[in-house]
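Before any comments, here is the structure.
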Amino acid sequence: KSKNTLPLVDAKIAISKDFFSVNKKKKWITNEVSRNKTHLIRSRYDCILSTYKSVNKDNSKLNCRIKGLEKLSPSRVIIDKNFRLKKNLDIFTSTKNIKTYVITSKDNKKKEKFLRSRNVKIIKISEKRKNFSYQEILLELKKRGFSRIFCESGLYTTKHLLKNRLIHNLYIFISARKLGKNGKNSYKNLLNKLKFKKREKININLSGDQLYNLRIK
């Protein structure tokens, strides 16, 4: 394989029955059974890719928290171009056991010192344009031995990865409830473009929620 072959990237989104990915009133869209299934899916990858925005907002640990699977927690990579990760995040309590990386393009001695003191490795990518090139990020991760990447981030990053045809499979958790006026960030148009009707249902009991797999390429 050529050295420019990118790693396999799958992604996950959780949406309401009416396609929103943010509930203005509550932290979670889907139920606890769906969230546990996510831990199981994570254990199949060697790296979870997220962004500072998602981690700051949800204070996500991005690990496997099902009894017996903790040791299968993948490494974590957080895209944080301008060092905006908060300091008091739960993610920093497990960096001794789980390799954690921050991808940035800035020099900030203070922030770098803090991250290193928390066992976080820093990957610097030079800033050639306003936004990072996701291909470049994936090649950097490949250099570090990651071949199966699971993306869990917000609408913006998932959209860009899909637009650049970098995602192979999209796991879609759909809640049994509609959010209506309490919903924000609609995936409806994007999923229609991706031929959402061709999705494959994964037959497991999620107490009312549904899980689909959409093969993108």
Side-chain angles (χ1 to χ4, degrees), residues 6-16 19-23 26-66 69-70 72-81 84-86 89-95 98-103 120 123 132 134 137-138 140-141 144 146-164 166-175 184-187 190-191 194 202 206 209-216:
L6 295 172
L8 170 115
V9 182
D10 291 345
K12 172 224 123 180
I13 59 170
I15 54 176
S16 59
F19 297 97
F20 292 110
S21 69
V22 172
N23 183 342
K26 275 189 187 162
K27 181 177 177 178
W28 307 111
I29 292 268
T30 48
N31 64 30
E32 197 179 348
V33 188
S34 290
R35 298 199 295 277
N36 280 338
K37 178 66 182 171
T38 300
H39 296 305
L40 190 61
I41 293 172
R42 283 173 182 166
S43 71
R44 299 177 191 154
Y45 295 85
D46 49 30
C47 166
I48 295 174
L49 181 66
S50 193
T51 62
Y52 81 91
K53 242 181 197 168
S54 292
V55 178
N56 280 351
K57 184 173 144 287
D58 300 331
N59 195 8
S60 19
K61 292 189 176 104
L62 299 177
N63 58 2
C64 298
R65 295 192 294 282
I66 294 177
L69 283 186
E70 298 93 343
L72 293 176
S73 292
S75 297
R76 301 172 294 206
V77 176
I78 301 156
I79 301 169
D80 184 14
K81 195 169 155 229
R84 288 187 182 148
L85 261 185
K86 292 175 185 168
L89 296 165
D90 286 348
I91 209 162
F92 295 128
T93 61
S94 55
T95 48
I98 305 171
K99 276 189 182 167
T100 306
Y101 299 81
V102 160
I103 294 182
V120 176
I123 300 173
F132 275 151
Y134 289 99
I137 286 172
L138 295 176
E140 280 294 332
L141 297 183
R144 283 156 178 84
F146 298 125
S147 60
R148 290 176 57 76
I149 294 167
F150 188 48
C151 177
E152 288 190 69
S153 64
L155 181 64
Y156 180 83
T157 301
T158 311
K159 250 185 177 173
H160 272 264
L161 288 166
L162 287 165
K163 202 172 148 189
N164 290 295
L166 296 170
I167 287 175
H168 289 249
N169 294 291
L170 182 63
Y171 291 98
I172 306 158
F173 284 89
I174 303 184
S175 151
K184 210 174 116 183
N185 289 6
S186 175
Y187 268 91
L190 180 65
L191 288 172
L194 294 169
I202 297 173
L206 294 176
D209 288 356
Q210 307 283 345
L211 173 58
Y212 296 95
N213 180 13
L214 187 58
R215 288 182 197 280
I216 312 286

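Worth saying up front: this structure is predicted, and the values here are computed from it rather than measured.
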Nearest heavy atoms of T158 and G154, plus distance in Å: OG1-O, 2.9 Å
For the residue pair F150 and Y45, categorise the inter-ring angle as parallel (less than 30°), tilted (30 to 60°) or perpendicular (more than 60°). parallel
Is there a donor-acceptor pair closer than 3.5 Å between any side-chain N or O of N23 and the backbone N or O of I29? no
Which heavy atom of C47 sits nearest to which heavy atom of P74, and what is that distance? N-CB, 3.5 Å
Short side-chain to backbone donor-acceptor contact, T51 and I79, under 3.5 Å: no
Are the side chain of N164 and the backbone of Y134 linked by a donor-acceptor contact shorter than 3.5 Å? no
Around atom NZ of K26, are there more than 12 heavy atoms from other residues, nucleotides or ligands closer than 6.0 Å? no
Is the backbone of I48 close enough, under 3.5 Å, to the side chain of R42 for a donor and an acceptor to pair up by distance? no
Please confirm whether the backbone N or O of E152 pairs with a side-chain atom of S50, one donor and one acceptor, at under 3.5 Å? yes
Do any N or O atoms from the side chain of D46 and from the backbone of F146 form a donor-acceptor pair under 3.5 angstrom? no
Do we see a donor-acceptor contact under 3.5 Å between the side chains of S75 and R144? no
Do side-chain atoms of R76 reach the backbone of N63 as a donor and acceptor pair under 3.5 angstrom? no
Looking at D90 and N59, what are the two nearest heavy atoms and their distance? N-OD1, 2.8 Å
Is the side chain of D80 donor-acceptor paired with the backbone N or O of Y52 at a distance under 3.5 Å, no angle test? no
